[in-house]
Amino acid sequence: MINVNKTYLPPQERYLAIVNRAWQKGWITNNGDLVRELEGELRQKLSLEHLLFTGNGTVVLQMALRAVGHAGGEIITTSYSYVATAHAIRWQGFTPVFVDIEPETYCINPLLVEAAITSRTKAILATHVYGMPCQTEALDALSRRFGIPVVYDAAHAFGTTWQGKSLLSYGHISTCSFHATKVFHTVEGGCIVCHNASLFAELEGYRQFGHNGDQHYSIGINGKNSEFHAAMGLAILPDFEQIVATRKQLFEQYKQALAHCKVRLLQPEASPGLQWNYAYFPVLFSSHPTMMAVKTALEAQQIFPRRYFYPALNTLPYYPQQYSCPVAEDAADRVLCLPFYTGLLPAELQQIVETVVPLTQL
Ligand SMILES: *Cc1c(COP(=O)(O)O)cnc(C)c1O
């Protein structure tokens, strides 16, 4: 069986040696040494001063939205992302206003964001889809002009550098996921990034139920993570550059093999200033039936690509208001993410492209 993703695991002895430190100390959660060490390493690696390690990449969306407004009002968001992005908006008591994406980047279209801004708008929540950057300059300009914060769901963006800085450094607040399926992971986990000390203190409070010992200052949530999860991050971090290099090679192999097919691939080379993390291998097929034919043919060989993202968020049945986002709906109909991970063997990649190519030359 070949899955869309296979979790990267570090050498077991390396993980055990790190986790053994928590064991010796008898301290396994609540801002332990390993959590703080991982935070230090991440801050240094990404050149970010204000970063917190958290339980996952969803609670950080909730924390970010709590920081920009206490419920009520609208959050302008993308129609093409994982459901967690939209759910966090509703969960926090806001109304999501879905806008369409740009066909080239799959990221939110700033012109449509501008058109959706009203007096009820509390914030913009945009996703760096597949680890490729949103139009950060245009969104920041809107943020300044209308005085509304931009939050980035940067769940895919760890390791991407954009115009000389980590992609996590953009926006009022950025959040990331370190889930086992992401390009860097801590089994479950995530982080939240901001740019000033007072907001950082607020987020730190949210992460631990809004109190510090006997000092109770706000409502909060459990956003913490454990020493076992931090240890996984510390064990994987030294391998990260090699992980990205290997993914880049796989990307080139796929790209070469699919060069003469009627498909569209991501084009990181078309964005000067971008050093991409090679997080996913999405393929846009020429039609929905072609995409489904490829999916069925691969599944018959126990190869499991994934429709990611499907469905377009604006079409989810439990959001009351209907929006039309034709570009996102079309992408959700035609995109398939092919298996893409460091352990994918050349023969496996070959088997995949031999199935895909004949079905895409019709
Ligand atoms: C994975 C993901 C999340 C959720 O992260 P978890 O760590 O699984 O909670 C949120 N947004 C996007 C775009 C994601 O891909």
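The structure displayed is predicted, hence computed values, not measured ones. For ligands, and for the atoms within them, numbers begin at 1 and follow the listed sequence. By convention here, the first residue in the shown sequence is residue 1. Side chains included, hydrogens not; waters and symmetry mates left out as well; all remaining heavy atoms used.
- For ligand 1, the polar-atom distance check finds no N/O of Leu61 at less than 3.5 Å from any of the ligand's N/O atoms.
- Relative to the ring axis of Tyr106, Arg264 places its NZ or CZ within 45° and under 6.0 Å from the centre.
- Those atoms of ligand 1 that come under 4.0 Å of a heavy atom in His156, given as number and element, are 13 (C), 14 (C), 15 (O).
- Classification of Asp140 and Arg144 as a salt-bridged pair fails, no side-chain N sitting under 4.0 Å from a carboxylate O.
- Within ligand 1, counting atoms from 1 as listed, the ones closer than 4.0 Å to a heavy atom of Tyr308 are 15 (O).
- Looking at atom 1 (C) of ligand 1, its nearest protein heavy atom turns out to be Lys182 NZ, 1.7 Å.
- Looking at ligand 1, you'll find an N or O of Ser177 within less than 3.5 Å of one of its N or O atoms.
- Looking only at heavy atoms of the protein, atom 12 (C) of ligand 1 is closest to Ala155 CB, 3.4 Å.
- The protein heavy atom nearest to atom 11 (N) of ligand 1 is Asp153 OD2, 2.7 Å.
- Those atoms of ligand 1 that come under 4.0 Å of a heavy atom in Gly189, given as number and element, are 7 (O).
- You'll find the ring centres of Phe309 and His156 inside the 6.0 Å limit.
- Across every non-hydrogen atom of Asn277 and Tyr130, the tightest pair is OD1-O, 4.1 Å.
- Interface of Ser81 with ligand 1, defined as ligand atoms under 4.0 Å from a residue heavy atom, comprises 13 (C).
- In this structure, Phe281 and Phe340 have tilted ring planes: the angle between them lies in the 30° to 60° band.
- Separation of the Tyr318 and His87 ring centroids falls under the 6.0 Å cut-off.
- Ring geometry, Trp276 versus Phe251: the interplanar angle exceeds 60°, so the pair is classed perpendicular (tilted spans 30 to 60°).
- Among all protein heavy atoms, the one lying closest to atom 9 (O) of ligand 1 is Thr58 OG1, 2.6 Å.
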